[in-house]
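So you know, we letter chains A, B, ... as the sequences are listed, proteins then strands, and number each from 1.
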Protein chains: 2
Amino acid sequence: MNRYEQLANILGGRIEQGLYPVGQRLPSVRMLSSEHGVSVSTVQQAYRVLEDRLLVEARPKSGYFVSASKPQAALPAVCRTPQRPVDISQWEPVLALINSRINPAVIVFGGGTPDISPASLKPLTRALARMAQRQDLSTLGYDSIDGSKILRDQIARLMIDSGSHMGAENLVITTGCHEALSIAIRSVCQVGDIVAVDSPSFHGAMQTLKGFGMKALEIPTDPVTGISLEALEMALEQWPIKAIQLTPNCNNPLGYNMPDDRKRALLRLAQAYDIAIIEDDVYGDLAYQYPRPRTITSFDDDGRVLLCSSFSKTLAPGLRIGWIAPGRYRDRAIHMKYIGTGATATLPQLAIADFIRQGDYLIHLRRMRYQYQQNLCLITDWVREYFPAGVRVSRPQGGFMLWVELDEKMDTQRLNRLLEPENIHIAMGSIFSASGKYRNCLRLNYAQLDSQIHKPAIKRMGELIHQLMANS
Amino acid sequence: MNRYEQLANILGGRIEQGLYPVGQRLPSVRMLSSEHGVSVSTVQQAYRVLEDRLLVEARPKSGYFVSASKPQAALPAVCRTPQRPVDISQWEPVLALINSRINPAVIVFGGGTPDISPASLKPLTRALARMAQRQDLSTLGYDSIDGSKILRDQIARLMIDSGSHMGAENLVITTGCHEALSIAIRSVCQVGDIVAVDSPSFHGAMQTLKGFGMKALEIPTDPVTGISLEALEMALEQWPIKAIQLTPNCNNPLGYNMPDDRKRALLRLAQAYDIAIIEDDVYGDLAYQYPRPRTITSFDDDGRVLLCSSFSKTLAPGLRIGWIAPGRYRDRAIHMKYIGTGATATLPQLAIADFIRQGDYLIHLRRMRYQYQQNLCLITDWVREYFPAGVRVSRPQGGFMLWVELDEKMDTQRLNRLLEPENIHIAMGSIFSASGKYRNCLRLNYAQLDSQIHKPAIKRMGELIHQLMANS
């Protein structure tokens, strides 16, 4: 595919996903040229393709506008949640999901792995090999408790794109975002404490709450604007909530970016009730928009936000390198880091720092954003083609996860049982709820799509859903 | 140094450390030849050197016997401990110890790092480099939650030497022994629970108890036979203890190997009171005796022992690869693993598995045991030469840590303050006690000794101790 065709697909995808509504002026040729690192004429060619597809119309001296779009699938509904803190369930299905990671015969739509095959990761594996054989053996000793300064410097630099201006001394390197979340939770909460979470919410973070003995209070969450501030405020009035845990950018599983004004309003709420915010930004660098959305952390002026992230989604999960910016909770976070893993592995930190410094991280990110956006169009089309009419799908603004809501009579646990012998794996909606809601939903990972493999799998999924619907 | 001189030093060291008391028959030439992988004539030459040193006498047709030894330094005293559970203190000095890891100008006697410079580690760094560039990218994806089977198989094989016969399915790979301990503690205890610990005890494990809100009950511990079973039984009678946490082999900091009959008796106590044992074996493979001592785990027949270990002391801490054999607590341990770090980094697991499979691990171990045993003789001599008369020192049977007990009026915190401007770093005794005991003790790491650097440093330390004594 040519560069201009790729770009046309991306812009077309954005229009179809509703990022640019009908009648809106589209980004200028010059802006797109800078965003995507392509020539002005490539952008012009891309716009011509979109004109041919009747998605875009050119208005003389004004630029390009969204002319029409095919009707979109309905968005998932905002769900009522239990209006009280609950003990978190769902460990068994989460464990089943984790165990599905490693069977190569299975078509895995359920997992959280990004595409780790692109050539743009090669400089990273070369850096790993080079660092491993360094004569000074610096990769074999204990690292400092907060991680290699050389990597923290690079991360601090990258964080400027999300609106944060902090120094390396504000960061602690962790063994993936899992350890960051684990540190964050233990830094601000005790056993029995109540934590408010977006709903649906990342199952790993909720299992962490469960493992440390906290209760979750699920807050209804809009598939476009994020956690309901109104519902959150009511909950804060009613319950002694200790922290809010959420993923405001490229949300997992819903894919939205929370608007900046709502991020600010959320922070004001946290200030008013004097509670902490645990912000998971692990997909943030994979936002399709340019520049990437800001973090809540970037608005934080009193250190109450604990930012958790990693390179597991942007680079590769097997490296197990993440970080936390623990704000005012740094001392406690360092203690939690020490008792959790002692220190972080040195070699991958040095290799990643080198990869970023050489500019290879941004090149890789650009490539992956292209790919994930293109794949989003593909999988959305397949789902709409093969799943029953009335299916609701999310409109991800980044990352590589699609949330699908089926008829409310559907139970994806039953679907999962039918899919197992077909070697197709999904993430059941219920694991994204502390109380086992979202039984009629599923999450599909579209990081790596092959039309020969994944399209027939979605088709088969659709057949089984039809079959279950007919029998119910 | 020739092979026979090295061997003579090792045997001489064992004799001086009291491993072979006066009059005892020494191992046969054939046995030593097999233990050390040297020829029979090398062993005979070594024995001749020891005869010249008047340490050994040959008796015709009977073999070699310990003829005499110079008077040994007294052993550290068994300490009275607070006879009640306490909240664990000492985080600040532990943090100071951790932060001393990374200043290359400092002569570090305080840290826990092994010697990572030997050529016998080269095959490991080569394996890391080779695996990093594998075309199948298997090192970049999420590993299974319990770690790479290929590594678990190798560890299970190695564990036969400690008397354990378990399969790979009984092991979970962790991010160092720290994560193993963290998982173990959270698998058997709740906030507020009481855990009995050996005293002095590894500060990292105690800080883990502290971080998770448990209390420590320190049990008096003999510097040769380990934790007092009599005191432990009294404590079990009196307090609702949930678990015993200890390091029975190559104890950190005391260096003893608990005799097998006491390991069995400890297990019987745990069974009688139905509590768990958390066994830290991280130095076990570095025991100077051959074959290495058995673990408590190897006697366990009802899965109540959680064995924690890692390659941080035997290979290199920067790899962050450890393991836990969680026995009957496996389900809970898997949940704790998931919420702590999600998975363990893949690349170092595959490289270490390769290193073991090629036989390089055993070669490296043999080399390090030689070196650490030789260094033990050196540092013991230096301490006895330069420290005030009456100094008591441990007689380590493995590992690379010497425990030094000074006059009871001494405060090693004051010593530490004087050492800081001299760029010499020690581990103060107080961090090895939940209640801040052992203020007159210190721990010295002798993994890597250079007579030009470390001997003058010990000499200077001795001068400062004399000076403090004179002023007190």
Side-chain angles (χ1 to χ4, degrees), chain A residues 91 94-95 98-99 101-102 111-113 116-117 121 125-126 128-130 132-134 137-145 174-179 181-182 186 190-191 204 207-208 210-213 312 315-320 334-336 338-348 351, chain B residues 91 94-95 98-99 101-102 111-113 116-117 121 125-126 128-130 132-134 137-145 174-179 181-182 186 190-191 204 207-208 210-213 312 315-320 334-336 338-348 351:
Chain A
W91 166 237
V94 169
L95 183 61
I98 300 162
N99 286 336
R101 279 177 193 162
I102 40 164
T113 306
I116 52 173
S117 66
L121 275 181
T125 50
R126 280 197 297 268
L128 281 165
R130 205 168 55 244
Q133 295 208 282
R134 265 158 67 145
L137 298 169
S138 55
T139 62
L140 292 181
Y142 279 114
D143 196 4
S144 65
I145 183 76
T174 58
T175 306
C177 193
H178 264 268
E179 190 184 24
L181 288 166
S182 172
R186 287 179 289 142
Q190 307 288 325
V191 171
Q207 289 301 319
T208 306
K210 175 185 173 68
F212 292 119
S312 296
L315 297 180
L319 300 164
R320 306 312 299 135
I334 290 281
H335 194 225
M336 294 301 113
Y338 178 64
I339 69 170
T341 56
T344 307
T346 320
L347 171 62
Chain B
W91 167 237
V94 169
L95 184 60
I98 299 162
N99 286 335
R101 278 176 193 163
I102 40 163
T113 306
I116 52 173
S117 67
L121 275 182
T125 51
R126 279 198 297 267
L128 280 164
R130 204 168 55 244
Q133 295 209 283
R134 264 157 67 146
L137 298 169
S138 54
T139 62
L140 293 180
Y142 280 113
D143 196 4
S144 65
I145 184 75
T174 58
T175 307
C177 192
H178 263 268
E179 191 184 25
L181 288 166
S182 173
R186 288 178 288 140
Q190 308 288 325
V191 170
Q207 289 301 319
T208 305
K210 175 186 174 67
F212 292 118
S312 295
L315 297 179
L319 300 165
R320 305 313 298 134
I334 289 280
H335 195 227
M336 293 302 112
Y338 178 65
I339 70 171
T341 56
T344 308
T346 320
L347 171 61

Can you check whether A/L347 reaches B/L347 side chain to side chain, under 4.5 Å on heavy atoms?
yes
All heavy atoms of A/G211 vs all of B/I339, minimum pair found to be CA-CD1, 3.5 Å
What residue, out of A/L95, A/I334, A/L181, has the most heavy-atom pairs lying under 4.5 Å from chain B?
A/I334
Proximity breakdown for B/R130 and chain A, heavy-atom pairs closer than 4.5 Å:
neither
Steps toward side chain to side chain contact (heavy atoms under 4.5 Å, CB included) verdict (B/L140, A/T125):
CA-CA 9 Å; B/L140 293 180; A/T125 50; 4.1 Å; yes
Just so I know, are the side chains of B/K210 and A/H335 near enough to count as touching, which here means a heavy-atom distance under 4.5 Å?
yes
Scored by heavy-atom pairs under 4.5 Å with chain B, the best of A/T341, A/T344, A/T208 is A/T341
Top residue by heavy-atom pair count (under 4.5 Å) with chain B, among A/G176, A/G204, A/G340?
A/G340
Side chain / backbone / both / neither for A/L315 at chain B, heavy atoms under 4.5 Å:
neither
What one should report as the nearest heavy-atom pair of B/Y338 and A/H178 is O-ND1, 2.9 Å
If I measure from the heavy atoms of chain A, does B/T139 come under 4.5 Å with its side chain, its backbone, both, or neither?
backbone
Give the member of A/S312, A/A351, A/A316 that has the highest number of heavy-atom pairs under 4.5 Å with chain B.
A/A316
Minimum heavy-atom distance B/R320-A/G342, with the two atoms named
NH2-CA, 4.0 Å
Ignoring hydrogens, what is the shortest heavy-atom contact between A/A132 and B/A129? Give both atom names and the distance.
CB-N, 3.8 Å
Top of B/L128, B/I116, B/T174 for chain A proximity - count of heavy-atom pairs under 4.5 angstrom
B/I116
